[in-house]
Amino acid sequence: MPKRPKNPASPRYKARMGYEGEYYLVKRFTSRDKPGFYAVRTPGSGAGKLPKPDIIAVDDGELLAIEVKSSNKSYIALNEAQVKRLLEFCERFVVRCPRCGEEIRPKPILAARFLGKEWRFVEIPPDWEGVIVVKRSSHSSEASHGERLSSPPRKRGGAASSRGRRGRGASGSGSG
């Protein structure tokens with residue numbers, strides 16, 4: 001891997017941290033080395049006109065569209081435009097089962113990486129409007145190897161909040 005830029009305020013440093021977070025998460029999915037767990041990066045996801053997530057993954061057979069954010073702060077925010085693009089991708093990316101005809105859409109997930117601390121995963125409801133803020137939990141630990149990477153939400157403080165949604169916060173899983 002290339003050397004990390006020295007200045008944490010530089011755009012190159014921030015881009016490098018984002019790439020490393022995406023790369024780490026893809027490796028976590030692909031290292032399972034069994035059907036139903038896989039992921040690919042979609043480079044340039046924030047650029048261009050087409051909405052697309054950072055990672056498209058399958059987690060225990062479930063299709064996910066993952067937006068990865070990394071920070072050394074105590075919170076991570078996904079702005080309204082980023083939320084809208086992720087949800088638009090999930091609305092348009094439809095797979096149809098050849099046997100039953102059922103439509104399969106990816107689950108929109110925010111993967112929040114708190115540098116050197118923990119990962120938090122938040123499923124974004126399809127009707128979400130506004131900003132999503134994920135706060136680092138006061139206690140962190142990595143997920144065990146048997147746990148799904150996008151495991152269901154756990155009751156724990158500091159999950160997520162929104163400034164644009166009427167009184168509803170997104171649910172976030174613990175570190176994972």
Side-chain angles (χ1 to χ4, degrees), residues 7-26 28-29 39 41-57 59 62-94 105-140 143 148-176:
N7 181 1
S10 77
R12 285 187 64 207
Y13 181 90
K14 291 178 182 180
R16 184 75 202 164
M17 293 301 98
Y19 168 80
E20 286 180 8
E22 293 169 14
Y23 183 78
Y24 171 82
L25 200 52
V26 166
R28 289 278 309 266
F29 279 102
R41 284 185 66 239
T42 58
S45 61
K49 295 180 180 181
L50 294 175
K52 58 182 176 171
D54 294 320
I55 297 171
I56 298 172
D59 187 20
E62 187 169 34
L63 186 60
L64 307 175
I66 305 172
E67 188 67 29
V68 181
K69 294 292 173 197
S70 299
S71 179
N72 54 10
K73 297 178 183 176
S74 63
Y75 68 92
I76 289 176
L78 195 63
N79 70 40
E80 188 171 1
Q82 292 167 321
V83 171
K84 187 176 181 178
R85 287 172 61 96
L86 181 59
L87 293 176
E88 182 180 346
F89 173 84
C90 292
E91 181 64 31
R92 296 175 76 183
F93 192 90
V94 179
R105 296 176 193 272
K107 242 188 216 185
I109 303 288
L110 167 59
R113 174 186 177 217
F114 295 96
L115 299 177
K117 307 277 188 230
E118 68 178 306
W119 282 87
R120 303 285 308 270
F121 296 91
V122 178
E123 182 179 346
I124 302 171
D127 60 346
W128 190 268
E129 295 173 2
V131 175
I132 294 179
V133 177
V134 180
K135 296 179 182 176
R136 189 175 75 211
S137 66
S138 56
H139 47 295
S140 64
R148 289 182 54 187
L149 295 177
S150 63
S151 58
R154 294 188 190 119
K155 299 284 183 185
R156 204 185 274 183
S161 63
S162 169
R163 293 187 185 115
R165 182 85 175 229
R166 293 177 294 272
R168 247 177 104 184
S171 60
S173 76
S175 61

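- Checked against side-chain hydrogen bond (donor to acceptor under 3.5 Å, both in side chains), Glu88 has the following partners two or more places apart in sequence or in another chain: Arg92.
- Here the closest non-hydrogen pair linking Val134 and Ala112 is CG1-CB, 4.1 Å.
- Remark: the backbone N or O of Glu91 is paired with a side-chain donor or acceptor of Arg105 at under 3.5 angstrom.
- Remark: Lys135 NZ to Arg120 CZ distance equals 10.5 Å, nearest 0.5 Å.
- Considering all non-hydrogen atoms of both residues, Leu87 and Pro126 come closest at CD1-O, 3.7 Å.
- Checking Glu118 against Ser137 by side-chain atom types alone, a donor-acceptor pair falls below 3.5 Å.
- Summarising the geometry of Ala111 relative to Ile66, their closest heavy-atom pair is CB-CG2, 3.6 Å, with the distance given to 0.1 Å.
- Taking the side chain as every heavy atom from C-beta outward, Leu78 and Ile124 approach each other to under 4.5 Å.
- Taking every heavy atom of both residues into account, Ala57 and Ala39 meet most closely at CB-CB, 3.7 Å.
- Atom CG of Leu86 sits about 13.0 Å away from atom NZ of Lys107, to the nearest 0.5 Å.
- A heavy-atom distance below 4.5 Å is not found between the side chains of Phe121 and Asp59.
- The closest side-chain heavy-atom distance from Ile56 to Leu63 is below 4.5 Å.
- Summarising the geometry of Lys73 relative to Arg136, their closest heavy-atom pair is O-NH1, 4.0 Å, with the distance given to 0.1 Å.
- The one candidate from Arg28, Glu22, Glu20 that meets the side-chain contact (heavy atoms from CB on, under 4.5 Å) condition with Tyr24 is Arg28.
- Distance alone, capped at 3.5 Å, places no donor-acceptor pair between the Arg41 side chain and the Tyr23 backbone.
- Formation of a donor-acceptor pair under 3.5 Å by the Arg85 side chain with backbone atoms of Leu50 is found in this model.
- Only one option out of Val68, Leu64, Ile109 pairs with Ile55 in a side-chain contact (heavy atoms from CB on, under 4.5 Å); it is Val68.
- Not counting sequence neighbours, the partners of Phe93 by the ring-ring contact (aromatic ring centres under 6.0 Å, His included) test are Phe89.
- Here the closest heavy-atom approach between residue Val131 and residue Trp128 is recorded as O-NE1, 3.6 Å.
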